Novice: 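Just dropping this structure here.
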Amino acid sequence: MIDKTVADVPAALADVEDGATVLIGGFGESGSPIELIHGLIDQGARELTVVSNNTGNGHVGLAALIQAKRVAKMVCSYPRSSHSKVFPELYRKGEIELELVPQGTLAERIRAGGAGIPAFFTPTAAGTVLAEGKEEREFDGRRYVMERAIRGDLALVRAEAGDRFGNLTFYKAGRNFGPIMCMAAKCAVVQVRRIVEAGELDPEEVVTPGIFVDRVVEVPEPAHESQLIAQGASYP
Amino acid sequence: MIDKTVADVPAALADVEDGATVLIGGFGESGSPIELIHGLIDQGARELTVVSNNTGNGHVGLAALIQAKRVAKMVCSYPRSSHSKVFPELYRKGEIELELVPQGTLAERIRAGGAGIPAFFTPTAAGTVLAEGKEEREFDGRRYVMERAIRGDLALVRAEAGDRFGNLTFYKAGRNFGPIMCMAAKCAVVQVRRIVEAGELDPEEVVTPGIFVDRVVEVPEPAHESQLIAQGASYP
Amino acid sequence: MTERPNRLGLSRAQMAWRAAQDIPDGAYVNLGIGIPELVAAHVPEGREVVYHTENGILGFGDAPPPGEEDPDLINAGKKPVTLLPGAAFFHHADSFAMIRGGHIDYCILGAMQVAANGDIANWSTGAEGAIPAVGGAMDLVAGVRHVLVITEHTTREGEPKLLERCTYPLTAPGVVSRVFSSFGVIDVTPEGFLLKEIAPGVSLDQVAAATAAPIRAARDLKEVAAPAIEKEAAGA
Amino acid sequence: MTERPNRLGLSRAQMAWRAAQDIPDGAYVNLGIGIPELVAAHVPEGREVVYHTENGILGFGDAPPPGEEDPDLINAGKKPVTLLPGAAFFHHADSFAMIRGGHIDYCILGAMQVAANGDIANWSTGAEGAIPAVGGAMDLVAGVRHVLVITEHTTREGEPKLLERCTYPLTAPGVVSRVFSSFGVIDVTPEGFLLKEIAPGVSLDQVAAATAAPIRAARDLKEVAAPAIEKEAAGA
């Protein structure tokens with residue numbers, strides 16, 4: 001019998017290796033799988049390449065992972081924000097590498113990784129410094145940049161409901177990078193608010209079919225990053 | 001006020017021009033927008049390029065459009081089937097052009113057209129006759145073929161429910177090419193079984209957001225192609 | 001973000017009001033962070049506009065009442081929003097397919113610099129030691145049909161922001177069609193900047209002096225008809 | 001599709017049975033049209049397999065009782081199916097992302113020819129005047145992790161189907177890992193065909209004579225342990 005549900009966060013992350021590429025969902029705190037990120041801190045893997053839209057806030061979640069010096073390289077579109085202190089400090093000291101990618105190109109590269117497309121052309125960034133060193137090419141009189149797919153060893157994603165097959169629904173704009181990151185990772189680990197029985201999710205309303213998901217762990221009351229930050233929390 | 005609903009099929013198709021590229025949804029009869037296709041026959045546009053997975057069956061729907069000599073070129077993956085007589089006959093006589101595209105490449109080219117990606121690389125067809133004349137390229141030791149996006153002037157799609165914004169849900173596997181064809185057409189015309197009030201569709205369950213849709217026409221009881229064929233029907 | 005003292009020309013709210021007059025009924029619009037966010041409040045009555053945000057919502061509305069914020073219902077500026085009837089959620093690759101694929105009609109953005117050839121710089125000053133961050137800016141300006149800029153006519157230090165050529169790293173070349181500045185409405189034409197409307201109390205000489213590129217006055221130059229608008233709340 | 005009279009070796013149902021033994025618990029599987037469709041009925045009890053069909057379903061089951069067919073609930077062979085708990089619908093681009101992206105574990109296909117280097121030809125004889133049709137065949141063999149073939153060992157006319165090199169146009173080069181033929185189980189190895197199991201009543205000489213390429217017998221060559229299976233209904 002197929003059963004992708006796992007008992008708890010440590011069981012979901014026991015085998016992460018040093019040097020892994022980790023796709024982490026979320027747009028700021030929205031959709032951020034904060035319990036899984038904390039689980040990854042506990043698990044201890046190092047020298048990670050993390051692909052995520054931002055670099056975390058305060059001293060919890062992704063910022064805490066970076067602060068714990070587990071991340072060698074960030075691939076993201078927007079590495080600073082009002083509550084983001086950890087990444088900028090390490091970056092200025094030269095202790096973390098940054099690959100800056102326009103947000104839509106980041107999303108498309110991840111989707112391409114999941115869809116077996118090794119490279120594609122996009123108008124985004126053509127004629128800018130972010131296209132430097134990349135192949136540019138004209139189609140029908142317009143310039144485009146060739147971008148390569150991104151794949152991850154691991155994806156950490158937050159969703160709403162999941163079943164034993166790994167079928168997922170999401171919650172509002174928390175969906176953001178979740179579905180495409182599940183597609184693009186060798187092992188997609190998803191924290192859901194509710195594990196439901198097989199058949200409970202309407203096949204019409206499944207957002208991410210279970211084929212893209214490897215492990216589902218229930219976290220009924222995920223923490224809100226902004227609340228933790230307001231409380232001055234840090235992890236661990 | 002935004003209102004993409006139109007009164008009837010003729011109103012939805014009044015402005016189709018000769019020479020248009022028309023994306024027609026459906027996988028065989030599943031999801032085939034048969035009333036819209038018949039409307040296009042009535043409307044009279046000629047010299048069409050039709051992009052659709054198949055070439056129709058019997059003498060109704062897409063087969064009837066081809067039989068009426070409105071189609072100069074078919075772009076499809078599987079132009080023959082047990083009930084497909086019209087296309088093979090015209091093709092053998094040299095009266096219709098065929099661009100044969102592997103099914104997944106067809107889907108991806110249409111999706112690329114909708115997503116602003118002019119070209120991408122795929123492993124499908126590399127090293128086969130269907131890659132002849134196309135650019136091939138190696139990434140990480142594997143050969144890929146460069147494929148160009150497909151865009152349409154018009155898409156004809158069948159969906160389940162639609163609202164005045166053009167938001168859509170689909171019915172079972174009738175979904176197939178519908179969502180991506182809506183994305184890739186300048187004017188996406190959709191026949192739905194039910195027009196619903198704005199707000200009636202759960203924002204989580206909208207499959208095609210209205211931004212990809214231009215016209216919605218209600219056809220409460222769409223004909224089943226296979227039933228028409230069993231009855232020996234032909235159109236017009 | 002408070003209003004500058006003794007400012008010349010239009011207030012921030014008046015700039016937003018003027019930009020809002022250009023948004024037609026039925027448009028799909030993406031509003032940038034800052035002054036552009038004020039535009040929604042000034043769209044003329046009777047026009048229905050659908051707002052898109054990069055993080056996966058179409059059809060959102062104003063901020064919710066205090067206490068009803070949902071961290072998973074936010075815009076790209078990470079501010080809480082509400083949903084309007086007809087809204088839809090989607091993942092990041094679909095969201096940027098809307099942008100890159102030309103489905104969004106208007107984006108209204110702030111800018112550091114706009115050049116007479118339509119180049120825009122709004123993501124980086126190129127300064128040493130700054131944390132580079134691009135977000136969705138490059139995707140928006142490369143993909144959206146009409147790129148409109150709202151900006152003070154000069155920097156806080158009085159330096160021109162409308163230039164012959166941008167000195168900061170580009171967001172995209174040749175994409176801006178119109179600028180709503182504190183001094184008026186400026187079109188980007190093949191012959192460079194064209195002043196279409198001038199702010200009350202501002203002279204042509206003042207416009208020319210504050211613009212580091214030739215700027216012609218339109219033959220039918222008008223005064224901006226902006227109403228007196230109460231100063232918006234700081235940081236609105 | 002009826003059984004050949006006086007056939008040598010395994011029946012169609014026995015070939016399907018033998019292939020089914022290779023499908024592990026939890027596998028995602030795409031079954032081609034014809035003999036491969038019979039595989040599902042023979043997967044050993046206790047193993048749960050999720051079936052994928054190109055037209056946008058994961059998790060479908062057997063045909064429905066007569067009268068309960070739904071033209072929008074069909075497989076890629078356009079035959080009616082039912083849904084199992086945990087099923088999901090998705091559009092064509094997502095469906096082929098599953099295929100091309102390596103998410104499907106096994107595809108089991110018929111073939112016209114298989115070569116000792118793993119090349120497969122199963123879409124066209126290259127004959128003049130034939131209507132070319134490829135469907136999803138090229139996407140499947142290029143994208144799915146394990147490509148398995150079920151085929152009679154020779155054509156109806158007794159011509160070998162296992163060859164040194166294919167003479168028909170390729171579906172893809174070098175992708176087949178194992179063939180279940182009426183004469184046994186043949187692996188494609190770097191050294192060519194390797195007979196792992198032989199059908200009861202078939203001699204090594206008969207296999208060699210019916211194979212147009214060198215075929216070695218495995219050191220641990222076994223007899224196929226296929227049970228006597230009642231002949232399946234014609235055209236099942």
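Naming: A, B, ... by sequence-line order, numbering from 1 per chain. Note that the coordinates shown come from a computational prediction; the quantities given were computed from them, not determined experimentally.
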Novice: Any residues in residues 172-183 of chain A near chain C, with a heavy-atom distance under 4.5 Å, and which are they?
Specialist: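 Hits under 4.5 Å: A/Lys172, A/Ala173, A/Gly174, A/Arg175, A/Asn176, A/Phe177, A/Pro179, A/Ile180.
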Novice: Top residue by heavy-atom pair count (under 4.5 Å) with chain A, among C/Leu140, C/Ile57, C/Asp70, C/Val141?
Specialist: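 Of C/Leu140, C/Ile57, C/Asp70, C/Val141, C/Asp70 has the most heavy-atom pairs under 4.5 Å with chain A.
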Novice: Which of the residues A/Val129, A/Leu130, A/Val207, A/Asn53 is involved in the greatest number of heavy-atom pairs with chain C at under 4.5 angstrom?
Specialist: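 So the answer, after comparing A/Val129, A/Leu130, A/Val207, A/Asn53, is A/Leu130.
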Novice: How long is the gap from CD1 on C/Ile131 to CG on A/Leu98, to the nearest 0.5 Å?
Specialist: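 That separation rounds to 8.0 Å.
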Novice: Checking C/Met138 against A/Thr128 for the side chain to side chain contact (heavy atoms under 4.5 Å, CB included) test, could you report, in this order, the C-alpha distance in whole Å, the side-chain angles of both residues, the deciding distance, and whether it holds?
Specialist: CA-CA 9 Å; C/Met138 285 191 179; A/Thr128 78; 3.5 Å; yes
Novice: Does the side chain of A/Gln103 reach to within under 4.5 Å of the side chain of C/Val134, using non-hydrogen atoms?
Specialist: no
Novice: Quick one: are A/Leu106 and C/Phe96 in side-chain contact, heavy atoms under 4.5 Å?
Specialist: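 No. Closest side-chain heavy atoms not under 4.5 Å.
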Novice: Just how far is it from atom CG of C/Asp72 to atom CD of A/Glu160, taken to the nearest 0.5 Å?
Specialist: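 Between C/Asp72 CG and A/Glu160 CD, I get 9.0 Å after rounding to 0.5 Å.
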Novice: With a 4.5 angstrom heavy-atom cut-off, is it the side chain or the backbone of A/Thr105 that approaches chain C, or both, or neither?
Specialist: both
Novice: Hey, could you give me the OG1/CD1 distance between A/Thr124 and C/Ile99, rounded to the nearest 0.5 Å?
Specialist: 8.5 Å
Novice: If you tally heavy-atom pairs under 4.5 Å against chain C, which of A/Glu225, A/Arg158, A/Arg111 wins?
Specialist: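 Sorted descending by pairs with chain C, the first entry is A/Arg158.
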Novice: Within a 6.0 Å radius of atom CG on C/Asp25, are there more than 12 heavy atoms belonging to other residues, nucleotides or ligands?
Specialist: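 Atom CG in C/Asp25 is packed in, count exceeds 12.
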Novice: Using a 3.5 Å cut-off and no angle test, enumerate the donor-acceptor pairs between side-chain atoms of residues 83-91 of chain C and protein atoms at least two apart in sequence or in another chain.
Specialist:
residue, atom, partner, partner atom, Å
C/His91, ND1, C/Ala93, N, 3.2
C/His91, ND1, C/Asp94, N, 3.2

Novice: If we define contacts as heavy-atom pairs under 4.5 Å, which of A/Pro79, A/Pro88, A/Ala131, A/Gly31 has the most with chain C?
Specialist: A/Pro79
Novice: Could you tell me which portion of A/Phe87 (side chain, backbone, both or neither) has an atom closer than 4.5 angstrom to a non-hydrogen atom of chain C?
Specialist: side chain
Novice: Would you mind telling me which of C/Leu170, C/Asn55, C/Asp119 has the largest number of heavy-atom pairs within less than 4.5 Å of chain A?
Specialist: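 Answer, by heavy-atom pair count under 4.5 Å with chain A: C/Asn55.
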Novice: Decide if atom CD of C/Glu191 counts as having more than 12 heavy atoms of other residues, nucleotides or ligands within a radius under 6.0 Å.
Specialist: yes
Novice: Any idea which of C/Gly126, C/Gly56, C/Gly135 has the most non-hydrogen atom pairs under 4.5 angstrom with chain A?
Specialist: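 Highest number of pairs under 4.5 Å: C/Gly135.
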Novice: Find the distance between OG1 (C/Thr53) and CZ (A/Phe27) and round it off to the nearest 0.5 Å.
Specialist: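 It comes to 6.0 Å.
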Novice: Determine whether a donor-acceptor pair (N or O, by modelled atom type, separation under 3.5 Å) exists between the side chain of C/Arg100 and the backbone of A/Gly104.
Specialist: yes
Novice: Using a 4.5 Å cut-off on heavy atoms from C-beta on, say whether the side chain of A/Tyr91 contacts that of C/Pro132.
Specialist: yes
Novice: Around atom CD of A/Glu89, are there more than 12 heavy atoms of other residues, nucleotides or ligands at under 6.0 Å?
Specialist: no
Novice: Does atom NZ (A/Lys134) have a neighbourhood of more than 12 heavy atoms from anything else shown, all under 6.0 Å?
Specialist: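 Check passes, neighbour count above 12.
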Novice: Between C/Thr171 and chain A, which part of the residue has a heavy atom less than 4.5 Å away: side chain, backbone, both or neither?
Specialist: backbone
Novice: Side chain, backbone, both or neither: which part of A/Arg142 has an atom under 4.5 Å from a heavy atom of chain C?
Specialist: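 When you check distances to chain C, only side chain atoms of A/Arg142 fall under 4.5 Å.
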Novice: Considering only heavy atoms and a distance below 4.5 Å, find which of A/Pro123, A/Ser30, A/Gly28, A/Ala107 pairs most often with chain C.
Specialist: A/Ser30
Novice: Rounded to the nearest 0.5 Å, what's the gap from OG on A/Ser226 to NZ on C/Lys78? Could you check?
Specialist: 12.0 Å
Novice: In terms of heavy-atom proximity below 4.5 Å to chain A, should C/Ala137 be classed as side chain, backbone, both, or neither?
Specialist: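 For C/Ala137, there is no contact with chain A at all, as no heavy atom is under 4.5 Å.
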Novice: Are C/His92 and A/Glu108 close enough that a side-chain donor and a side-chain acceptor fall under 3.5 Å?
Specialist: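 The criterion, which ignores hydrogens and geometry beyond distance, is not satisfied for A/Glu108 and C/His92.
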